[in-house]
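Reminder, nothing fancy here: chain letters follow the sequence lines and each chain counts from 1.
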Amino acid sequence: MRIIETKNLVKVYTGSTVEVRAVDSVDLVIEQGEFTAIVGPSGSGKTTLLNMVGGLDQPTSGEIIVDNVDITQLNQKQLVDFRLKNIGFVFQSYNLIPVLTAAENVSFIMELQGRVKSEIDTRTKEILSDVGLGDRLTSRPFQLSGGQQQRVAVARAMASRPKFIIADEPTANLDSKTTEKLLDMMLELNEKENITFLFSTHDQRVVNKARRVIVLEDGRIVSDERK
Amino acid sequence: MLTKLAWKNIWRNRTRSGVVLGAVAIGLFAGTYLSAFMNGWMLGSVQADIDTNLSHIQISDTAFSANNDIGAYFLQTNVAEKLANTPSLKEISFRLILNGMLSSANNSVGMTANGVVPEDEQRVSTIWKMIPDSLGAFLPEDTRAAIVISEKTAEKLKVRLRSKIVFSFQTAAGEMQTMAFRVCGIFKTSNSAFDEGQAFVRYDDIFPLTALPENSAHKAYIRVADLETCEKITPELKTLFPDLSVQNWKELNPMFAMSLEYMDLYAMIIIGIFLFALAFGIINTMLMAILERTREIGMLAAIGMNRSRIFRMIMFETVFLTLLGSVAGIALAIAALIPSLHSGIDLTFMMSDSFEDYGFSSIVYPVISAEMFVEIVILVILTGILAAIYPARKALKLNPIEAIRS
Ligand SMILES: Nc1ncnc2c1ncn2[C@@H]1O[C@H](COP(=O)(O)OP(=O)(O)O)[C@@H](O)[C@H]1O
Ligand SMILES: [Mg+2]
């Protein structure tokens, strides 16, 4: 089943002198349950592409179809709602809410979605123990290591079982051992819950773990391999 | 959940929240304390003036109220009969009011002698309570030709209790009359102008000299349950006595009535200034709070928190802050006011006769009204909400992509 499809996606930044085609004619199809890495040198357009697919940024032209909806046609208000209901986000610098506990951070999106309390509590406990933090429910972000915080972030993104998860360089701030652990955990959850992951990286070890690798160069897809 | 997040957010930067909380609390404390104090002062002074001097309502002949002409009298029975049907009237004291000279062996002063029936008078005015035990009593039964004068008058005439003094005045027939009295009581009120001019004698003692018809009086002093009743009943009495002059304390002392009204205005101005300062404090604090949390708010927007929720979160934070400050401020004000509610705040150390000359009392019993507290808290919270709109709108303008990258 197709989760995401982009058609001739283009993003042009017009500066004062030069025009940058950050994403250039990208046609991309992501299937349900795929675990895809987008790789490429710095400035190749990874972030721009992920932001557009994640409904955070508008393309200059082209379509992004998610679940039969062209999200480029949605207004800001519809987009926020769309993100809340369909997309999980993991950011490079964790971005947890510092005043909330790990469990509250994970519950947060489900609460925004208006789910019932009992369901939220069960799911929060389940997903936090899946990421190996079942004993840290009441810890606040500052009491957790970087790796642990990013695992809470993954749990937060996964908790509401979104259609797909977007992660822009999720391991960039982590050391290699923690990176590997996080990736293994993401893979496990991907298999267990059949949730689609789309993430960018320029770390070769992360690339090795991916099931599908898309290489970007100057905003264009130069290779796309499934393992 | 938004409320929970907002609540937790206000404790992030304790110093900053503490400053705002403190500002709200101190401002509210000062505002309510001051206004309770001023209210108490005014009401106390008004009450004292009503008790000793004015009573609630005075009825007199129209000509009398203009120039205290001894011939401008009315008959007690006429007034008493009509008043008998007005149930909210509590007490009436009829007075003869005679202007003349009071003289001792040493000195003479201009004086208004009030001819009263002591039993009636004691139910209307509190002069009798203003006589210390050591300085006699208010026209006791066993005395004949007794007079009550003030401490001030006693000093001027250089007389003491039981001294003999002489009152001379012009009768209704136009002759001069003189009568000797013995001082039976010396009073002191907080209104020195009143003290200097008023003396009290028995109606029955002075009446035979006046050449007035049987049963006449110059004024009826009326005391009712409270100021509200007074307000309500004045117009009724005016229609009841179209030919007489009916005036309540407000009409008799317009300066007091006006000060009482200005008091509200002063309170409004003070509170207005405080709210204005508060608004700027809140705008500043919330802008800083938002600036500090740019990335976090961007993230919240990215993961699906819509504008209305972000707006509400910021609003809740502000309201919690101001609400908390308000509660603290009011608790402080109440704690500071309670001990002085009964004992009063003694101002004699800082103000002297000059204030008393105008009839202001020197001991203030603060008056707290729940209504005033509620009004102020609502105003503070409204200010908080209004002041938070600008910072909250700033938060909405954040672009999530840029906010997260920053
Ligand atoms: N807001 C922007 N304004 C102008 N140019 C931008 C902006 N964001 C990205 N770019 C440019 O777009 C290109 C792709 O950037 P980006 O998507 O961040 O690449 P990557 O994530 O692969 O490093 C770069 O040349 C970058 O300079
Ligand atoms: Mg990037």
Q. With a 4.5 Å limit on heavy-atom distance, are the side chains of A:Lys77 and B:Asn306 in contact?
A.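 With C-beta onward as the side chain, the pair stays apart.
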Q) Is there side-chain contact between B:Met299 and A:Leu96, with heavy atoms separated by less than 4.5 Å? A)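 The answer is no, as the side chains (C-beta and beyond) never meet within the 4.5 Å cut-off.
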Would you say [atom1] of [X] has more than 12 non-hydrogen atoms from neighbouring residues, nucleotides or ligands within 6.0 angstrom?
X	atom1	answer
B:Glu228	CD	no
B:Met268	CE	no
A:Phe142	CZ	yes
A:Gln143	CD	yes
A:Arg140	CZ	yes
A:Lys192	NZ	yes
A:Asn173	CG	yes
B:Arg12	CZ	yes

Checklist entry - Under a 4.5 Å heavy-atom cutoff, which of A:Leu84, A:Ile87, A:Leu112 has the most pairs with chain B? => result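 Top count of heavy-atom pairs under 4.5 Å with chain B: A:Leu112.
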Between [atom1] of [X] and [atom2] of [Y], what distance do you get to the nearest 0.5 Å?
X	Y	atom1	atom2	answer
B:Ile404	A:Leu56	CD1	CG	6.5 Å
B:Ile401	A:Leu50	CD1	CG	11.5 Å
B:Met305	A:Phe108	CE	CZ	5.0 Å
A:Ile120	B:Met1	CD1	CE	8.5 Å

At their closest point, which heavy atom of [X] faces which heavy atom of [Y], and how far apart are they?
X	Y	result
B:Lys8	A:Leu100	CD-CD2, 3.8 Å
B:Ala301	A:Val80	O-CG1, 4.4 Å
A:Phe91	B:Ala302	CZ-CB, 4.0 Å

Which portion of [X] sits near chain B, non-hydrogen atoms under 4.5 angstrom:
X	answer
A:Glu104	side chain
A:Ile109	side chain
A:Asp81	neither

Measure B:Arg309 against the heavy atoms of chain A and call it side chain, backbone, both or neither at under 4.5 Å.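 The side chain, not the backbone.
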